[in-house]
Amino acid sequence: MTRTVTIIGINGHIGHHAAKAFVSAGWTVRGMGRSNRKPIAGVEFIKGDADSVPELKHAIGDSEVVVNALNLPYHEWDKGRMEAQTARVIEAASGAGRTLLFPGNIYNYAASLRDVTPDAPQHPETPRGAIRVRVEKQLRDAAKDGDLQVIILRAGDFYGPNNTGDWFDYVMLREASKGKLAMMAAPAIGHSWAYLPDFGQAFARIAEVRGKLGRFENFHFAGHWVTSGEMTEAIRKAAPVPLRANMAPLAVLRLIGLVNPLIREIMKMRYLWENPMRLRDERLAAILGDDFGTPFEEAVAATVRPFFSATSKRAA
C-alpha cells in the first residue's frame, strides 16, 4: 500500500532528516520549499511558498501525513508570525482526515521542572515559551474541532552531521580553529539533546502507528541525556585537533547580542542550560523500542568530524 507524506520546510534541520527517515521507511515523500537547496534521493521536490495556503494545499495533495517542519528565524518569532504560520498549515492540511506532525521544544515548561513528561503542566519562563504554548493550543484546538489528527514530538537541543545554526557552531565550536571549546554549563549539569537523524526516524515511527493514537498526542523524545562534562569529553574525543574546554564567554556573547538579534534572543534562553530538565516518555519509548537510536559518542563523532572538514575547506 502506498503511503505518502509531505514535508513542509524540506530544507530545514528537521525537515531534511525527517524526509530521509520516511524515504528509508518506504514512504512516498514530497518536500516543499522555496528552493531545492538540499536534494534528497527519493524525495519529490515541490517548489512553494509556505505563506500561501493554496501553495501549501498543492504540495500536500493527497498525502495522508504532513510534517510541519517550518521554523521562522529565531529572532522573528514574535508579532504573531509563528501563530499565523501555524494557522496556514492547519488550514491547508485540514479536510481529509490527515495526520499533522509537529516538532515541539522544551520552552513550554518551567525551569524548576526536572522530569519533563507529557502530562506536566506548561508554565513558560520567557515570551518565546509563551509563543510555543499558544501555537500548541492552536494545534490542540484543530484536532478537537476538525478532522485533523495532530501529534507533537517534543525534543531538546538539536545536533547532527553538516548541521548549521545550532549550539555546536554558534557557540561550542565557534573558536575551534583556535583550539577552544566552549562549555555551556557546569560539568555536572545534565541537558537534553536530540540527534537529528534519530529525531527524523522517530517521526516516521510515529506515523506508522498513528491509527492507534488519539486525535491529539504530545510525545517527548528523550534523545541523549548527558552532562555538560560528558558532552565536552565526547566532542574532544571526536575532534581531529586538541581542544581546551572553558566555560562559554557569556559576557562576550551578551555584547555581541547588542548588535546581533539572533544571539540576543539565544542568550535569553540561558536558563535551559542552568537547569537540568530531562525529557521522559514511557509511551514513546515503547513505540520506538529498546534498540532505537544512535549511541551518544557515535552521534557526536558524526556531528563533529564534518564540522572540522568544512572548516578546513574554508580555510584552504
Side-chain angles (χ1 to χ4, degrees), residues 5 7 9-25 27 29 31 33 35-43 45 67 69-71 73-74 101 103 105 153-177 179-184 191-205 221-226 228 230-243 245 262 266 279 288 291-316:
V5 58
I7 314 288
I10 189 68
N11 291 316
H13 305 334
I14 297 168
H16 186 77
H17 288 280
K20 285 185 172 181
F22 276 101
V23 169
S24 295
W27 287 65
V29 183
S35 65
N36 196 12
R37 288 191 290 110
K38 299 178 179 179
I40 301 171
V43 174
F45 174 74
V67 178
L70 296 169
N71 196 14
Y74 201 71
L101 302 178
N105 63 26
L153 181 58
R154 193 180 314 280
D157 277 311
F158 302 126
Y159 72 108
N162 303 304
N163 200 47
T164 59
D166 60 22
W167 285 104
F168 272 64
D169 68 327
Y170 271 143
V171 180
M172 296 165 67
L173 292 173
R174 183 168 170 267
E175 294 189 299
S177 62
K180 296 180 180 180
L181 169 62
M183 296 174 61
M184 297 304 305
H191 193 74
S192 290
W193 291 93
Y195 183 56
L196 281 163
D198 291 348
F199 193 52
Q201 287 186 28
F203 274 112
R205 292 278 185 96
F221 181 75
H224 294 130
W225 169 257
V226 295
S228 177
E230 289 170 331
M231 177 58 83
T232 298
E233 286 308 305
I235 292 173
R236 292 176 69 180
K237 183 178 179 180
V241 298
L243 295 175
L262 179 59
I266 284 175
L279 290 160
L288 298 180
D291 60 345
F292 181 85
T294 307
F296 169 63
E297 289 195 353
E298 181 181 328
V300 172
T303 302
V304 169
R305 288 168 186 158
F307 175 89
F308 280 92
S309 176
T311 301
S312 297
K313 290 178 181 178
R314 287 194 297 268

Partner residues of Glu297 under the salt bridge (charged side-chain N to carboxylate O under 4.0 Å, His left out) criterion, sequence neighbours left out
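Only Lys237 meet the salt bridge (charged side-chain N to carboxylate O under 4.0 Å, His left out) criterion with Glu297.
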
Between [Y] and [X], is there a side-chain heavy-atom distance shorter than 4.5 Å?
{"X": "His17", "Y": "Phe199", "result": "no"}
{"X": "Phe168", "Y": "Met231", "result": "yes"}
{"X": "Phe221", "Y": "Leu279", "result": "no"}
{"X": "Tyr195", "Y": "Phe296", "result": "no"}
{"X": "Val43", "Y": "Val23", "result": "yes"}
{"X": "Val300", "Y": "Ile235", "result": "yes"}
{"X": "Trp167", "Y": "Trp193", "result": "yes"}
{"X": "Pro103", "Y": "Leu153", "result": "no"}

Of the non-hydrogen atoms in [X] and [Y], which two are nearest, and what is the gap between them?
{"X": "His224", "Y": "Pro295", "value": "NE2-C, 4.0 Å"}
{"X": "Phe22", "Y": "Val29", "value": "CB-CG2, 3.7 Å"}
{"X": "Pro306", "Y": "Ala301", "value": "CD-O, 4.2 Å"}
{"X": "Tyr159", "Y": "Thr303", "value": "CD1-OG1, 3.3 Å"}
{"X": "Ala302", "Y": "Pro161", "value": "O-CB, 3.5 Å"}
{"X": "Ala69", "Y": "Gly9", "value": "CB-O, 3.9 Å"}

Atom [atom1] in [X], atom [atom2] in [Y]: separation rounded to 0.5 Å?
{"X": "Ile40", "Y": "Ile10", "atom1": "CD1", "atom2": "CD1", "result": "4.5 Å"}
{"X": "Met172", "Y": "Leu243", "atom1": "CE", "atom2": "CG", "result": "10.5 Å"}
{"X": "Asn11", "Y": "His16", "atom1": "CG", "atom2": "NE2", "result": "9.0 Å"}
{"X": "His191", "Y": "Asp157", "atom1": "NE2", "atom2": "CG", "result": "3.5 Å"}

Got a sec: does the CZ of Arg205 have more than 12 other heavy atoms crowding it under 6.0 Å?
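More than 12 within 6.0 Å, yes.
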
Just by modelled atom types, is the His13 backbone N or O under 3.5 Å from a matching donor or acceptor in the Asn163 side chain?
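A pair under 3.5 Å: no.
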
Using only atom types and a distance under 3.5 Å, with no angle test, would you say the side chain of Arg154 pairs donor to acceptor with the backbone of Asn105?
yes

Is a donor from one side chain sitting under 3.5 angstrom from an acceptor on the other, for Asp198 and Thr294?
yes

May I have the step-by-step check of side chain to side chain contact (heavy atoms under 4.5 Å, CB included) for Phe203 and Val5, ending in yes or no?
CA-CA 11 Å; Phe203 274 112; Val5 58; over 6 Å; no

